[in-house]
Amino acid sequence: MIAYLECTGTGERYPADALMGLSPAGKPLFPRYDLDALAETFRPDTIDLSRADLWRYAPVLPVVDPSDRVSLGEGWTPLLPAPRLSRELGVGLCWIKDEAQNPTASFKARGMAVAIARARELGVKAVALPSAGNAGGAAAAYGAAAGLEVHVAVPSDTPPPILEEIRMLGAELHLLQGLISDCGAFVRDGVERHGWFDLSTMKEPYRVEGKKTLGYELFEQLGGRLPETIVYPTGGGTGLIGMWKAFEEMERLGWIGAERPRMIAVQAEGCAPIVEAWRTGADSAGFFENAATRAVGLRVPSAVGDFLILRALRESGGGAVALPDAAMEHGVRLLGKNTGVFASLEGGATVAAVLALREAGELGPEEEVVLFNTGSGLKYVGAEV
Ligand SMILES: *Cc1c(COP(=O)(O)O)cnc(C)c1O
């Protein structure tokens, strides 16, 4: 149960059950829990093993009443050892966290399951969001499961399988010319006019809570420890920010010490605001003009949580890499033939990033690396961006 909401900019606190978007300071809000009290009852040996989904971590999730949960089987995806891929890449051991096995075939399911359940618990009837595609599909699915009205605004060049998914799940699909930032403007207008609850990335407090379960899962699936390095394809950065939050919580709960994995953000050369900010040592990122990449999940020219991403990269001793689409495609092929996982371009990007970092000498030959395949390659078939 949440103790309070906290502004990630000012540290100001707000009531646990307030329905809020960004804080008054315009920064993301983090749900905070009474972790010192929870440490007594929520331990690795008391995790609810009967749930093969992310609700096994319910004590650190914001949904209060178990009957308010919305579930389609999200989370608890396999962490697959990939020894042949590891040899190909020249690292000690690669694990693939296969998030394509979530409902709607991408890891957006995690955030949406929790955010939509919590929004409904707080009385919301209609939600809306701009999406590069997968967030829209997941919102449509969980909105349908929860019985909420869902509005999704996507760029008109979104991959056809995702458009079909959103339509078939009963959401209102708004196809717009332009980028996700233009879709954002459309949603803000609808929020003002119709009172929709805005589910935009990092603009409400709960999607990050669903995504943070990635961090708890890695710990559990590795037998009670964290990996050396995590490579994450970064758009809005919810999963990276969420995992970083999970590690902080796990330390407060007494599950781990001060050790942290190195966090590496991967972006597309055609849209790399975080990588540019990382290179210049900035605390926040500028707007990336003329964003273009076929990895639609990475086509995010400006991220509200940029400072949180950059902080995690810095505090973890990690880094940020930008790659051309062709390298991501090569990564998809390498991953496919060496593991049997048909990844999205974003998943392929993590493989390409390991190759690039090995060549640059920034990853050692004994390194243990977790690669995130954030979505299925099947969702992009027929895309012509
Ligand atoms: C949304 C998305 C990403 C980026 O995730 P963020 O948490 O926004 O950084 C990566 N891959 C896929 C397939 C996505 O749908």
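Start at 1 and go down the list; that is how both ligands and their atoms are numbered. None of these values were measured; they are calculated from a predicted model.
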Do any side-chain atoms of residues 20-35 form donor-acceptor pairs under 3.5 angstrom with protein atoms, and if so which ones, sequence neighbours left out?
residue: S23; atom: OG; partner: A25; partner atom: N; Å: 3.2
residue: S23; atom: OG; partner: G26; partner atom: N; Å: 3.4
residue: S23; atom: OG; partner: K27; partner atom: N; Å: 3.2
residue: S23; atom: OG; partner: K27; partner atom: O; Å: 3.3
residue: R32; atom: NE; partner: E6; partner atom: OE1; Å: 3.1
residue: R32; atom: NH1; partner: E248; partner atom: OE2; Å: 3.3
residue: R32; atom: NH2; partner: E6; partner atom: OE1; Å: 3.1
residue: Y33; atom: OH; partner: V60; partner atom: O; Å: 3.1
residue: Y33; atom: OH; partner: E209; partner atom: OE1; Å: 2.5
residue: D34; atom: OD1; partner: A37; partner atom: N; Å: 3.3

### Summary
Within the 4.0 Å heavy-atom cut-off around ligand 1, the contacting residues, ordered by chain and number, are F107, K108, N134, K211, Y232, P233, T234, G235, G236, G237, T238, G239, G297, E346, T374, G375, Y380

### Task
Look only at the side chain of E367 and the backbone of V369, and say whether a donor-acceptor pair between them is shorter than 3.5 Å.
no

### Query
Any luck finding a side-chain donor-acceptor pair between E249 and Y216 under 3.5 Å?
yes

#### Entry: Fellow cluster residues of M168, listed by chain then number, with links counted only when side-chain atoms sit under 4.5 Å apart
none

### Query
Angle class for the H174/H151 ring planes (parallel below 30°, perpendicular above 60°, tilted otherwise)?
parallel

### Query
Using links of under 4.5 Å between side-chain heavy atoms of ILVMFWY residues, direct or through other members, which residues join V300 in one cluster?
none

